[in-house]
Structure formats: C-alpha cells, structure tokens
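Treat the numbers as computed from the prediction; the structure is a model and nothing was measured. The first residue in the sequence is number 1, and the count goes up from there. Remember, it's 1-based here, ligands and their atoms both numbered in the order they're listed.
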Amino acid sequence: MSDIVKIFDTTLRDGEQSPGCSMNTEEKLIMARQLQKLGVDYIEAGFPASSPGDFDAVQKIGNELKGPKVLALCRADDEDIEAGINSLKGTHNWGIHTFIATSDLHLESKLNIDRKTAIKKAVKAITRARKFTDHVEFSAEDATRSDPVFLAEILSAAIKAGANVLNVPDTVGYITPQEFYQLIIRLMNDVKNADKAVFSVHCHNDLGLAVANSLIAVEAGARQVECTVNGIGERAGNASMEEIVMALTVRNQHYKVSTDIDTKQIFKSSRLLTKLTGTVIQANKAVVGANAFAHEAGIHQAGVIKNPLTYEIMKPELVGASINQLVLGKHSGRAALNGRINTLGYDVTDDELKKIFKRFKKLADKKKIVYDEDLEVLVMEERSTGIEKYKLMSVNVTSGTETIPTATVVMEIDGKSMPAKASLGDGPVDAALNTIREIVGIPCVLTSFVIKAATGGTDAQGVVTVSIEWEGIKATGRGSHTDIVIASARAFVNALNRLDLFLKSRSVTADEMEELQGI
Ligand code: KIV
Ligand code: ZN
C-alpha cells in the first residue's frame, strides 16, 4: 500500500457551499492558484450543474491549472454528468466525481428510489463519465448511516463500472473514530476488486470528529482524504486540511505516511481564504489560528526561551507563519515594501506596487508601524478594485452625545458620480450604511457585522466584515481603515459589489435586475 496520502481539496465546492463562504469566479481562481502552490493532489472546483457561475468557475480553473487534477462534482444523473464533462473536457488534467446517497433514509425520504435503482444510476453515471476521462470518483453519500452490506455492493458495482476512487463520506458527521476504522477495514475486505481503487474519506465535523475520523481512516488504509482549508464546509464544516496534513507530518513516525503538501504554504492559504470569503477563524484554531503559536503564560514563555520543544510541537515556520510581526514604517521605500509583500506570498505587478505604495504611505502617516496584516489588507484592497460597480468616494459623519448621527456619502456607480446624500441612523455606522443603501437603491438586509482590530494598539486598522442578504442572495464584504466608520462603509460597498457579481454570474437578466431593484 502506498505511503502517500492524496489530498483532495474541496474548499471550492463543499467549502464554498457553506454560509458566508461563497466566492465568485475570480475569487475561486485566486484560491485555486494558491491550492496549486500548496500542492494539493485534487481540486474539486465546483458543481457545474448547479449554476452557470459554477460551470464557468470549474471551466476556468480546469483551463488554467496544470498541477492538480481538477474535478467536477455531479449527481449520478445524465444532466449533471453532461455538465461536468462539458465544463472540463479539453482541459489539462481532469476527472469526474459522481455521487448518490446510499442510506435507506436518503433513498426513501430524499430520492424516493430503491437500492437497485441507486446501483443502476451509479453504474450508468460512472460508465458515461469513464468514456471521457480516466479518472472517476464515486461517493456513497451518507455512507456511515448506510447498511454496510449494501455499501459494499454498490462500491463493488462502482469499481466494475470503472470508478478508480471510492469515497466513503461521513456526510452528517455522525460516526465515531472506532466505528469508522472498522467500517473502512470491512469495506476494503468486502468490496470486490478493492485493490483496483483508492479508498477515500470525506468527513464532516458535526460532532467535532472530522479530523480524528479522517486520520483513523488513514490508519485503516484510506489513501485519499477530502478536506478544506480552515475546515470550512456545510454546517459545522469539513475536515480541516491543515490539521490533517500537520498531524501526518508532525506524527509521521506514528502514521508512517506523508502527503505532497508544501506545508510552508499552509498559513498563506488559510489567510487568503479568510480574506476572500471574509469568514474569520477562531484565534485558538489548531495550526492556523492567531494564537496557535502564541505563548502567553509566563511559565510557558520561559520554557520556550530555554528550549522551544518544551511547549512547541511544530515550528511556526513549518506552516509558513510569519513570526516577524514588526515590519515597515513611513520611512520605508518601495523596494522594502515589495520585499515584504513577496515574503507574505503575494506577487504584485509594478503597477499594483505603485498603487499599493501610495496607500501604504498614507497608512504609514497615520500609524507608526505597518504590520504584515496591514499589508495584506492593502494588497487585497488593491486587487479588489477595478471590477466594481459601486465605488465609495467619501463618507463623513457627525455623531456624539448631543446629536443625531448623520452621514453624508458620495459614491460612483458604473463610473458615474451620484449626487451626495445624507441620512440619519442609530449610530454613525448605521447612518453611513443607510445612506449607501439609499444611493445604490438596494434594500438589502445586514445579516452580520463583525469588527476586529487587524493588529494591536489604538492605531490598529479596524477590519470590518459584513454579510448582506437580498432576495435570497447572500454576499460578504470586508473593509478596513483606522476609522471604523470608513471601514464599515467600505465593507458594505464591498459586499454590494460582490452581490452584483453573484447576480451577474447567475445571469440575471436586465429585466429581472430591474424587477429586483423595484425600478
Ligand atoms: O458530504 C458529502 O457526502 C458530500 C458528497 C457529495 C461527497 O459532500
Ligand atoms: Zn460533504
């Protein structure tokens, strides 16, 4: 059996499906490029039959990436398989991932079909996909709540039809590690010609067991693990890529298997995803949380100074976490800025650097020290401009103990200046957001508002993440500034721009758009 575990990344499919994590095509491409640098073996780029936007993203990722194999998710039916094939046909290195539920609960309540029909559908889908690609993965959805005898039967039929990867998902995060170990061993014994396929697992985290279940499956013989960056995914998420990879790396003597992941790219991948989706991770998150390598207690600090091994089982550098927090100030030049940006893992063009340098100088005038986090914000902000419908030109607020908060906002829409507007609010942020809402004419609801300091100190950049919803469409936006009202206004405008992109990628017609806007 191979001593390499393949990493199947589903950040752009299962991860992207989760609330607040949607990405447009451009954002998915940026993330896919980073996953390629990270060294994942497979990228599940999306679910082409689910929307024209997903189809487009899968196709673009397939066309561009040369390293990892790109997969499209398809239900086991003709239309889905066609969409999957059409999205990737002609690209460099691709495959199809098809699935059908196998638990009686799903078969009866969701699909309304019997076991025999499920096998027929799976076989038909795999056979069709195999005519176009030599890589077909089959997943038995809700495998861990399925009858193991039937599970072995459908997986045997899948191999016979040409599937080369058999995935055993714990779809609802229900199984325990011991049970999962037994199940994988049993399937590897009972499935006919099991040696002709790689066993894969796909664990959800509803009981906080996704990583433990994935690792025990590896011990049982699984050689592919499906996971996501930061563990994003449906409900409580998927198994976290960074935790699995680092467990296999740090405890290599125990597991005796490794991955082809460049662990130094882990931190950057995590940060990039956070920035693209606006979904922050908790500070104590294993491997990539802000506190993952911080030693607060005096006794721990003393120990680490004497010998890092006392309290550190892995070095931050191993996952690419920068420990050099102090970086640049107002006297720093363009070359130093570029050098630091490169160290953080971003390649910027000369033109981008010019613009980022301007923003950097402005920020450095306000702050004594510009930290890595500040720089990342500047890069992301620069990269998010240029494709936007709505542009915030200025925002001014009056507020205080004796006045009703009022905001005056000037914006451009599609490059045209809009007349300045002023509105009241319960506070300065509320007033600013109300005014922006009036100018753009989209009565969206603010469903979440989170404010965080990017770095320590009272001169920190406030980083605001907002989620908005309009006519069932959700979008998240991020903005930053040393003034939190401006940061909030920027985040709100960023979310509106993303909403606009989602509408475009869902091919909403001009008429539908007008109807939605109540014009
Ligand atoms: O959780 C699940 O079962 C899935 C399948 C489509 C693999 O995401
Ligand atoms: Zn899943």
Inset, instruction - Considering only NZ, NE, NH1 and NH2 on the basic side and carboxylate oxygens on the acidic side, decide whether Arg498 and Glu27 come within less than 4.0 Å. - result: yes
Legend entry - Distance-only side-chain donor-acceptor flag, Gln34 / Gln36, under 3.5 Å: no
Legend entry - Under 3.5 Å side-chain donor-acceptor pair for Asn238 and Thr228: no
Inset, instruction - Working to the nearest 0.5 Å, report the span between CZ of Phe132 and CG of Leu88. - result: 12.5 Å
Legend entry - Side chains of Ser270 and Asn230, donor plus acceptor under 3.5 Å: yes
Inset, instruction - Please list, in chain and residue-number order, the protein N/O/S atoms closer than 2.8 Å to the Zn ion (ligand 2). - result: Asp14 OD2, His202 NE2, His204 NE2
Legend entry - Glu137 versus Asn164, side-chain donor and acceptor atoms under 3.5 Å: no
Legend entry - Residue contacts for ligand 1, heavy atom to ligand atom, distance under 4.0 Å: Arg13, Asp14, His97, Phe99, Ser139, Glu141, Asn167, Pro169, Thr171, His202, His204
Inset, instruction - For Glu153 and Ser156, test the side chains for any donor-to-acceptor distance below 3.5 angstrom and give the result as yes or no. - result: no
Inset, instruction - Output all residues satisfying ring-ring contact (aromatic ring centres under 6.0 Å, His included) with Phe8, sequence neighbours left out; order by chain, then residue number. - result: His97
Legend entry - Any residue meeting ring-ring contact (aromatic ring centres under 6.0 Å, His included) with His135, in chain and number order, not counting sequence neighbours: Tyr42
